[in-house]
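Computation of the quantities below employed the complete heavy-atom set of this structure, encompassing side-chain atoms and omitting hydrogens, waters and symmetry-equivalent molecules. Computed from a predicted structure; not experimentally measured.
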Amino acid sequence: MRKSTPIAITGIAAATGLAAAPAAANDMTITVEIPRLRVAEYHNPYVAIWIEDAAGKAVANLDVWYDVDLKGTEEGTKWLSDLRLWWRRAGRSLKMPVNGVSGPTQAPGSYELKFTEGRKPLSKLPAGSYKLQVEAAREVGGREVVTIPFQWPPSGSKTASAKGSSELGTIRLTIKP
């Protein structure tokens with residue numbers, strides 16, 4: 001199980017310092033902001049981050065943050081279906097936890113995730129149009145999805161961002177050849 005800090009989260013390869021990336025690998029950096037909400041009862045949101053192709057098919061699950069430590073009759077996986085879009089596209093076919101994808105919920109703050117093409121969980125994407133999807137759902141709260149379209153492979157360094165209105169703050173995607 002992966003452990004993260006509120007300052008930065010990195011992909012498995014970067015976190016473990018395993019073999020160097022191939023010279024031609026494309027890199028993807030995603031920054032996810034979880035806003036601080038002033039509500040009477042706050043629970044850290046469940047968050048799913050994945051990539052869809054132009055047809056809306058999930059082609060890579062990058063991260064899923066949920067209550068990985070909750071066991072027994074109240075397992076943390078019980079509420080993963082509240083991430084409704086992710087659940088329909090990929091979640092219900094996964095057996096959680098998924099090594100390198102499952103992680104604990106995060107408190108409000110900004111989190112940076114780095115992925116390298118060809119390394120798990122970012123597979124080798126064929127050239128084409130894709131969408132980065134970030135979905136958050138919170139107990140006694142709301143649900144929100146933020147989408148950022150992009151082309152793969154990148155022809156140069158590209159950055160795009162989108163902002164949620166309630167459960168998610170600014171989501172930033174940077175891709176580099």
Considering all heavy atoms, the nearest [X]-[Y] contact:
| X | Y | answer |
| --- | --- | --- |
| Gly103 | Val68 | O-CG1, 3.7 Å |
| Pro45 | Thr105 | O-CG2, 3.6 Å |
| Pro177 | Pro154 | N-CG, 3.8 Å |
| Arg84 | Arg143 | NH2-NE, 2.7 Å |
| Thr77 | Met96 | CG2-CB, 3.8 Å |
| Val59 | Ser123 | O-OG, 3.8 Å |

Residues Lys57, Glu52: salt bridge by 4.0 Å N-O rule: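 No, Lys57 and Glu52 are not salt-bridged.
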Pairs flagged by side-chain hydrogen bond (donor to acceptor under 3.5 Å, both in side chains) wherever residues 168-177 is involved - sequence neighbours left out: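 Matches after skipping sequence neighbours: Thr159-Thr174.
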For a 4.5 angstrom cut-off between non-hydrogen side-chain atoms, does [X] reach [Y]?
| X | Y | answer |
| --- | --- | --- |
| Ile171 | Ile148 | yes |
| Leu94 | Trp86 | yes |
| Asp63 | Leu113 | yes |
| Leu132 | Ile30 | yes |
| Leu122 | Leu62 | yes |
| Tyr66 | Pro97 | yes |
| Phe150 | Met28 | yes |
| Pro104 | Gln106 | yes |

Stepwise side-chain contact (heavy atoms from CB on, under 4.5 Å) test for Thr31 and Tyr111: CA-CA 6 Å; Thr31 304; Tyr111 300 89; over 6 Å; no
[atom1]-[atom2] distance between [X] and [Y], expressed to the nearest 0.5 angstrom:
| X | Y | atom1 | atom2 | result |
| --- | --- | --- | --- | --- |
| Tyr42 | Asn44 | OH | CG | 5.0 Å |
| Ser129 | Asp53 | OG | CG | 10.0 Å |
| Leu125 | Trp152 | CG | CH2 | 6.0 Å |

Trp79: partners by side chain to side chain contact (heavy atoms under 4.5 Å, CB included), with sequence neighbours left out: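 Only Tyr46, Leu70, Glu74, Asp82 meet the side chain to side chain contact (heavy atoms under 4.5 Å, CB included) criterion with Trp79.
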With Glu167 via side chain to side chain donor-acceptor pair (under 3.5 Å) - residues at least two apart: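 Glu167 satisfies side chain to side chain donor-acceptor pair (under 3.5 Å) with Arg138 only.
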Transitive ILVMFWY side-chain link Val47 to Val39, under 4.5 Å: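 Hydrophobic grouping puts Val47 with Val39.
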Modelled atom types, side-chain donor and acceptor of Trp50 and Glu135, under 3.5 Å: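 The answer is no; no qualifying pair exists.
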Thr147-Gln133 side chain donor-acceptor pair, cut-off 3.5 Å: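 A donor-acceptor contact under 3.5 Å links the two side chains.
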Pair Glu144-Ser165, side-chain contact (heavy atoms from CB on, under 4.5 Å): steps then yes or no: CA-CA 8 Å; Glu144 185 167 39; Ser165 61; 3.0 Å; yes
side-chain hydrogen bond (donor to acceptor under 3.5 Å, both in side chains) assessment of Glu33 paired with Ser110: CA-CA 4 Å; Glu33 180 184 353; Ser110 286; 4.9 Å; no
Test side-chain contact (heavy atoms from CB on, under 4.5 Å) applied to Ile49 and Val64, step by step: CA-CA 6 Å; Ile49 304 163; Val64 179; over 6 Å; no
Working for side-chain contact (heavy atoms from CB on, under 4.5 Å), residues Phe115 and Asp27: CA-CA 6 Å; Phe115 303 96; Asp27 292 323; over 6 Å; no
